[in-house]
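Worksheet for the structure shown next.
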Amino acid sequence: MPHCTVKVTIAIGGHGRYAAIRDWHLGDIERRDLRPSPAEELSRVGRWMYEIAVRDGKAVLAEGISHLFGKAECPGCGSVFTIADEYEAANCPVLR
């Protein structure tokens with residue numbers, strides 16, 4: 001998780017694989033390349049998704065999954081965080 005208050009945009013797709021600060025007028029600025037997770041270091045779910053994509057001949061999808069479960073650097077403060085973990089934490093429902 002970034003140590004600053006900057007909202008970081010994560011892009012994984014046809015426009016690239018990067019973390020950036022999104023500016024309304026300028027688009028994604030201060031980009032930092034994502035750091036994909038090597039296949040052998042993927043978590044259970046990530047490895048399962050990756051292996052199915054490889055098995056089915058979906059190399060581009062497999063590469064995207066390795067980035068999704070990889071790390072990103074905050075362009076604002078330079079802190080490094082795991083993308084999937086931060087997404088899960090931000091979108092996990094509150095149980096009461």
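These numbers come from the heavy atoms of this one structure, side chains and all, not from hydrogens, waters or symmetry mates.
- The OG atom of S43 lies 5.0 Å from the CZ atom of F69; values are rounded to the nearest 0.5 Å.
- Of the candidates S79, P75, C77, V8 forms a side chain to side chain contact (heavy atoms under 4.5 Å, CB included) with just one, namely P75.
- Evaluation of the side-chain hydrogen bond (donor to acceptor under 3.5 Å, both in side chains) rule for R35 yields E73 as partners, not counting sequence neighbours.
- For R31, the side-chain hydrogen bond (donor to acceptor under 3.5 Å, both in side chains) partners two or more places apart in sequence, or in a different chain, are Y18.
- Across every non-hydrogen atom of C4 and C74, the tightest pair is SG-SG, 3.6 Å.
- Sorted by first then second residue, the salt bridge (Lys or Arg N to Asp or Glu O under 4.0 Å) pairs that include residues 4-13, not counting sequence neighbours, number zero.
- When every heavy atom of I83 is checked against every heavy atom of A72, the shortest pair comes out as CG1-CB, 3.8 Å.
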Distance-only donor-acceptor hits, side chain of residues 50-58, under 3.5 Å, sequence neighbours excluded:
none

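- Hydrophobic clustering of Ile, Leu, Val, Met, Phe, Trp and Tyr side chains at less than 4.5 Å, counting indirect connections, keeps Y87 apart from W48.
- Residues passing the side-chain hydrogen bond (donor to acceptor under 3.5 Å, both in side chains) test with R22 are D28, sequence neighbours excluded.
- T9 OG1 to D23 CG: the interatomic distance, rounded to the nearest 0.5 Å, is 10.5 Å.
- Note: E63 CD to L68 CG = 13.0 Å, rounded to the nearest 0.5 Å.
- Rounded to the nearest 0.5 angstrom, L34 CG and I12 CD1 are separated by 5.5 Å.
- Residues that satisfy the side-chain hydrogen bond (donor to acceptor under 3.5 Å, both in side chains) test with D33, not counting sequence neighbours, are absent from this structure.
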